[in-house]
Every structure is written in structure tokens, then in C-alpha cells.
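Everything numeric here is computed off the predicted structure, so don't read it as measured data. In each ligand, atom 1 is the first atom listed, and ligand 1 is the first ligand listed.
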Amino acid sequence: MKKIAIIGAGISGLFVANLFKENLNYQVTIYEKNTSIDLDQGYGIQLSTNSIKLLNKIGFNTLENKDRFNPDKIDFYTIKPEKKICDLNISHFNSVDCKYTTLKRSKLVEFLKDRLNNNIIEYDHSIEKIEKNDDQIYLTFNENNKVICDYLIISDGVFSKGKSLISNKEIKSSYNNSIAIRGNILRNKLQNLNENNISLFMGHNFHYVIYPVNKDKENYNFIGILKYQLSAKELENFSLFKEETFIQGIKDKLQNKISTTILDDIKCFPVFVSKGYLKPGKNIFLLGDAFFAFPPSFAQGASQSIEGASELFDNITNNKNFFYENRVAKIKMINNRSKLNQFAFHVSNPVVVFFRNISLKILTKNKKFLENYLGKIYKN
Ligand SMILES: Cc1cc2nc3c(=O)[nH]c(=O)nc-3n(C[C@H](O)[C@H](O)[C@H](O)COP(=O)(O)OP(=O)(O)OC[C@H]3O[C@@H](n4cnc5c(N)ncnc54)[C@H](O)[C@@H]3O)c2cc1C
């Protein structure tokens with residue numbers, strides 16, 4: 001029996017563990033630095049059909065219907081003036097049992113965690129050293145806690161310590177000159193939105209998205225992306241984003257762009273993205289944001305974490321060697337689309353906005369374009 005060690009119990013680590021736990025040729029353990037998995041309410045997440053199809057294989061379709069939502073369309077609006085431009089039929093890519101889905105991130109994580117035996121996750125294990133000797137990998141956690149494994153899957157997120165331990169060169173993620181603003185909104189605070197759809201508002205250096213996260217459409221997720229320069233000193237100050245004065249500064253910046261009731265209870269996070277990728281040697285793999293973190297404007301990070309995990313499982317169990325080849329091709333496509341989306345959502349020159357809106361109206365109804373731009377990503 002081969003031993004598989006997974007570093008990090010996020011969406012990618014939990015999903016890949018779910019796949020391996022069914023295969024008796026492998027014994028899988030997740031090493032998580034925190035003392036538990038945070039299942040607090042938290043924010044929403046969008047999952048496209050490529051990941052829903054894979055999640056269904058481990059029983060996601062049995063998750064209570066009330067805990068998720070299937071939007072019909074994405075409605076595009078301009079922020080100023082607040083005006084609907086067009087809509088895109090996102091359900092076009094759905095099939096009977098595989099639909100574009102929005103839900104609370106915590107519901108997804110809980111589902112992935114609950115399917116694993118308690119002894120699969122070792123908490124309070126922060127990776128400190130990775131050494132290789134022939135075909136075996138030696139891991140050290142919390143100073144002197146040692147583990148030997150045959151395969152190592154590093155899925156410890158965008159600031160991956162595992163990745164920095166195995167690479168000689170610096171492949172650090174970098175600040176994307178934008179901050180994410182997140183919040184939960186109750187229906188009674190929203191006006192003039194189609195409750196069955198995802199609403200995307202575009203403005204000068206800022207866009208935001210609102211969508212329901214469960215069937216009764218009482219709770220909505222708010223996610224805004226604001227272009228924002230930060231100095232190196234500010235970036236090192238981890239508590240900056242929790243400071244009341246900083247959050248108030250963001251609220252002031254947005255006061256003419258968005259209703260103050262929405263901004264009541266927001267949190268801010270810096271957005272970090274990958275600039276390159278690393279292909280470690282045999283038997284060591286990077287997964288999820290540890291492999292590559294995208295700008296969040298295509299809502300594909302978690303879906304790609306799930307898709308990458310499935311490909312990795314297939315490669316290891318079938319002794320194939322195509323993991324990075326396939327992944328890199330897909331990552332490039334998504335990274336380019338994410339950057340293009342953010343650019344298009346944030347333009348402000350009135351002439352450019354005029355042509356952007358005309359293009360959006362045409363492209364969102366053009367089947368060939370949609371197959372190429374979204375279909376290539378949503379069908380795996
Ligand atoms: C604002 C925003 C909105 C987003 N919205 C969407 C969306 O709608 N749809 C979508 O598909 N994607 C979305 N994403 C992306 C998505 O959230 C991520 O791609 C996804 O969560 C990555 O999962 P992961 O498991 O790779 O990493 P993480 O979820 O970061 O998990 C990493 C785990 O590793 C653990 N860890 C860290 N360091 C160590 C260590 N040293 N030792 C051991 N364990 C460690 C952490 O505690 C954590 O549990 C969004 C991202 C952002 C920033």
C-alpha cells in the first residue's frame with residue numbers, strides 16, 4: 001500500500017483525499033496546520049459544471065437542495081448609471097444532474113470533510129521540512145514530528161510553504177493590485193435585481209457580483225474587486241485589513257458606487273496571484289492555489305482545484321505522466337480569461353465603455369463565442 005501525504009485541508013486537499021480514500025492501494029493522510037477546519041458561515045462560492053460533474057461522483061448531488069442554488073443567467077450592469085446591459089445564459093452549459101451552482105463555501109468544505117474518516121486529517125501539523133531520498137519523501141512538521149510517504153501532494157494554498165520548501169528559486173505569489181471586498185446580504189437590502197440570476201456590476205476600477213447562496217434566496221453573497229495600490233510596507237502589515245480606519249477608507253471610496261446598506265458589514269482581503277508555476281520532480285505534486293492562483297474574475301479557482309485533483313488522481317492511479325501538461329494548458333486559458341474579464345469589467349473611458357457594452361451585448365448571445373470562451377472551460 002502506497003502512502004500519500006497531503007499538505008493542507010482546503011478544497012483541493014479535501015477533494016483529492018476523497019478520491020484516494022476509495023482506492024485500497026493507497027493510504028491517505030492530510031496534514032493541516034490549523035487545529036480545526038473553519039466551518040463558520042463564511043462567504044459564497046460559484047462552481048461551474050466542470051467541478052459539479054466531478055463532485056457528483058462523490059455524492060454532491062445528495063447534498064440538501066436547500067443549501068445550494070442554480071442561477072439561470074449572469075446579468076451585466078453598469079454601476080454609473082445603474083443600468084442593465086445584457087445577460088448571459090449560464091444554464092446553457094447545464095445538464096439534468098450537473099448545473100452551475102452557488103452555495104456557501106462552508107457547505108462545500110463541510111461536505112468534503114464529512115465524507116472522510118476522522119483519522120484521515122492530522123490537525124496542528126504545519127509543514128517545515130521536505131526531503132527526498134530515492135522514492136521516499138521525508139516530511140517534518142512542527143519541529144520534530146516526522147512522516148515518511150511515497151507521494152506528496154502540496155495543497156496549502158496561495159502562500160504555499162510546501163512550494164517554497166521544494167523550490168530553489170523564489171516562486172512567490174504577488175499582489176494583484178486589487179483587494180477583494182466580501183459580505184453577506186439579506187434579500188430585504190437588495191432592490192431591482194433578478195433573484196434567479198448572478199448580478200455583475202461594472203465600474204471604474206471596481207466591479208462587484210451578487211448572487212444567492214441557497215434555494216430560498218434569503219441570503220446573498222457580495223464580492224467586490226477594487227483596484228488598489230499598496231506599498232510594500234502595507235502589504236507586510238497583516239492586520240491592516242482588519243483595521244477599522246482602513247475598512248472605513250474603503251467604504252468612503254465606494255460610497256457613490258454602491259448602496260451603503262450593502263457595505264454595512266464588509267471584510268477586505270488583498271488578492272494575491274501566481275506569476276509562474278513549478279513542476280516538482282517525480283512523486284511530488286502541487287495542487288489548487290499552491291500550484292496556480294488566478295485573479296478571481298472568472299470564478300474558477302475552486303473549480304480548477306477540483307478538476308486538478310481529479311486529473312492528479314487519474315495520473316497517479318494509472319501511472320500516467322500527463323498531469324502538468326494538461327494542467328498548464330488549462331491554467332493558461334483561465335488566467336488569460338480572468339485577466340481579460342477584470343480589464344473589461346473595470347474600464348472607465350466613456351468611448352471604451354460604449355464599445356465594451358456593445359461587444360458584451362453581441363458576445364453574450366453568440367453561441368460560437370460562448371462555446372469557446374466558457375464551454376472550453378466548463379466542459380471537461
Ligand atoms: C475573493 C475571492 C473569491 C473567489 N471566488 C471563487 C468562486 O466563486 N469560485 C471558485 O471556483 N473559486 C473562487 N475563488 C478561488 C478559490 O477560493 C481558491 O482557488 C480555492 O479555495 C483554493 O483552494 P486550495 O485548497 O488550493 O487552498 P486553500 O483553500 O487556501 O487551502 C489551503 C489549506 O492549507 C492549509 N495550510 C496552509 N499552510 C500550511 C502549512 N504550512 N502546513 C499545513 N497546512 C497548511 C490552510 O490552513 C488551508 O486549510 C475565489 C478566490 C478569491 C480570493
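Using a heavy-atom distance under 4.0 Å as the criterion, the protein contacts of ligand 1 are Ile7, Gly8, Ala9, Gly10, Ile11, Ser12, Tyr31, Glu32, Lys33, Asn34, Ile45, Gln46, Arg105, His125, Ser126, Ile127, Ser155, Asp156, Gly157, Lys161, Ala180, Arg182, Ile223, Gly288, Asp289, Pro296, Ala299, Gln300, Gly301, Ala302, Ser303, Ser305.
Here the rule is side chain to side chain contact (heavy atoms under 4.5 Å, CB included) with Phe345, and of Leu340, Asn205, Leu200 only Leu200 fits it.
Hydrophobic side-chain contacts under 4.5 Å tie Ile358 into a cluster, directly or through other members, with Val351, Phe354, Phe355, Ile362.
Within a 6.0 Å sphere centred on CG of Asn321, other residues, nucleotides and ligands contribute 12 heavy atoms or fewer. Counting non-hydrogen atoms of neighbouring residues, nucleotides and ligands closer than 6.0 angstrom, the NZ atom of Lys251 exceeds 12 such neighbours.
Asp87 pairs by the side chain to side chain contact (heavy atoms under 4.5 Å, CB included) definition with Lys73, Asp75, Lys84, Lys365, not counting sequence neighbours. Considering only residues two or more places apart in sequence or on other chains, Phe201 meets the ring-ring contact (aromatic ring centres under 6.0 Å, His included) condition with Tyr77, Tyr208.
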